[in-house]
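Below: one structure, written as structure tokens.
The residues of the chain are indexed from 1 along the displayed sequence. Atoms considered below: every heavy atom in the structure, side chains included; atoms not considered: hydrogens, waters and symmetry mates.
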Amino acid sequence: MTFLRVVGKRLFWAAVLLVLVLCLNFFLIRLAPGDPAVTIAGEMGGASPELLASIREQYGLNQSLFNQFVAYFGKVLHGDLGYSYFFNLPVMELIQDRLPATLLLVVTAVCAAVLIGVCLGVQAGRRPNSWTSHLVTIVALIGFSAPAFWTGMMLLILFASWIPILPVSGMTTIGAGYTGFAYVLDVAHHLILPVVTLAILYIAQYSRMERASMIDILGTDYIRTARAKGLRERTVVYKHALKNALIPVVTLAGMQFSQVFAGAVLVETVFNWPGMGRLAYESILRKDYPTLLGILFCSVFVVIIANVLTDFAYRFLDPKMRVGRR
């Protein structure tokens, strides 16, 4: 199978999945209890029958559910995700404003979790009975047992009251008195606590998986052959064993990207991070269906792209999975 056929097949099924998720999200959200017209009317200061009827007609809420879906699907095909009930702005504009902050948080957390988890796992796997291995196990158990919202609250209390050396809320915006490198440093300063909160659980998972994978790989025949040839232990571990030991971690990281994206909702709410997670939280409270649907659509799109890239990374790491080989 050629590379282009592999890419085409992945993109085709990604598009099918995106359409299915869009349909599912639309009908599930619309079947939720509550009337968005009442919420919108409440923001206007009243909910008379005349006002409710006018709002339903303005936003197409007086049509059948199927007709609403057909109209929405047609708009999505043209790149229009609708108009926010609450923010009175195009949903695409809201997402373009919030998505960079969420991607910065999620990608940084995933990269940090993979890097730290792999480093800890490699060191623990090289000497399974050493104190380093036992320490990694203890850290992993603590990470597994700490929910993201609890970790965030503890860090919030610690660095807001006891050790006030890190910002615990928001993110610096452009034009807030910082330019160039100073702005990047200040954003990184605000990013530390949210990233730590989001990454702790995954560091625990990746370190345990990398440890088990490394122990398994180091016991294989080709590693014994490499050692018998007189190669240095560092070369054996980092050049020959690590590449194969990374395969389970990379696969798990790609599969869990959606979980990290979902976890960003809690983290962004705790730390008042101006991303899509907080926007989704606000949209749920205000029954802002178009905004919530747009957020879910873009989130699924990002997750699908991440999984496609993970699949290609898996093929790169595993020679047996490379294009053209069986």
Side-chain angles (χ1 to χ4, degrees), residues 25 29 39 43 81-113 147-161 164-202 257-303 305-306:
N25 286 338
I29 289 176
T39 305
E43 298 290 341
L81 296 180
Y83 204 81
S84 172
Y85 296 159
F86 178 78
F87 295 97
N88 291 322
L89 290 170
V91 174
M92 184 61 75
E93 184 177 327
L94 289 171
I95 291 175
Q96 288 175 348
D97 184 54
R98 301 291 189 99
L99 183 59
T102 296
L103 287 179
L104 176 63
L105 172 61
V106 171
V107 172
T108 305
V110 170
C111 291
F149 70 90
W150 181 86
T151 304
M153 294 301 297
M154 293 301 101
L155 291 176
L156 196 67
I157 294 172
L158 175 64
F159 289 98
S161 302
I165 59 175
L166 291 174
V168 296
S169 177
M171 183 181 77
T172 301
T173 57
I174 297 176
Y178 295 92
T179 57
F181 188 64
Y183 170 74
V184 174
L185 285 178
D186 198 67
V187 170
H189 197 214
H190 283 79
L191 190 63
I192 293 175
L193 291 183
V195 166
V196 170
T197 302
L198 194 56
I200 282 179
L201 172 63
Y202 302 100
F257 194 83
S258 59
Q259 298 180 21
V260 183
F261 223 84
V265 176
L266 294 174
V267 174
E268 289 181 6
T269 302
V270 170
F271 291 99
N272 195 26
W273 187 261
M276 287 179 62
R278 182 163 180 80
L279 181 62
Y281 175 74
E282 295 170 349
S283 301
I284 292 171
L285 292 180
R286 298 181 173 98
K287 296 183 176 64
D288 192 348
Y289 292 164
T291 304
L292 186 57
L293 277 171
I295 292 170
L296 293 174
F297 178 81
C298 289
S299 300
V300 171
F301 180 79
V302 171
V303 170
I305 293 299

Would you name the heavy atoms of Val195 and Ala112 that are closest together and state the gap between them?
CG1-CB, 4.4 Å

Heavy-atom closest contact (Gly275 atom, Ala101 atom, distance)
CA-CB, 4.1 Å

Within-4.5 Å side-chain heavy-atom neighbours: Leu156 and Phe271:
yes

Nearest heavy-atom contact between Leu94 and Ser84 is CD1-CB, 3.7 Å

In sequence, state the C-alpha distance, the side-chain angles, and the governing distance for Leu166 and Leu155, and then conclude on side chain to side chain contact (heavy atoms under 4.5 Å, CB included).
CA-CA 10 Å; Leu166 291 174; Leu155 291 176; over 6 Å; no

Nearest heavy-atom neighbours spanning Ala264 and Leu105
CB-CD2, 4.3 Å

Is Leu293 close to Leu81 at the side-chain level, that is, under 4.5 Å between some pair of heavy atoms?
no

So does Val267 get a backbone contact from the side chain of Trp273, meaning a donor-acceptor N/O pair under 3.5 Å?
no

Is there a donor-acceptor pair under 3.5 Å between the side chain of Tyr83 and the backbone N or O of Val91?
no

Rounded to the nearest 0.5 Å, how far apart are CD1 of Ile29 and CG of Leu296?
5.0 Å

When you measure from the side chain of Thr291 to the backbone N and O of Ser283, does any donor-acceptor pair fall under 3.5 Å?
no

Is there side-chain contact between Leu201 and Thr151, with heavy atoms separated by less than 4.5 Å?
no

Shortest non-hydrogen separation from Arg278 to Glu268 and the atoms involved:
N-OE1, 2.9 Å

When rounded to the nearest 0.5 Å, the distance separating CE of Met276 from SG of Cys298 is 5.0 Å

Would you call Phe159 and Leu193 a side-chain contact if the rule is heavy atoms closer than 4.5 Å?
yes

Side-chain contact test, heavy atoms from C-beta onward, threshold under 4.5 Å: evaluate it for Phe87 versus Asp288 and give yes or no.
yes

Minimum heavy-atom distance Leu292-Ala280, with the two atoms named:
CD1-O, 4.2 Å

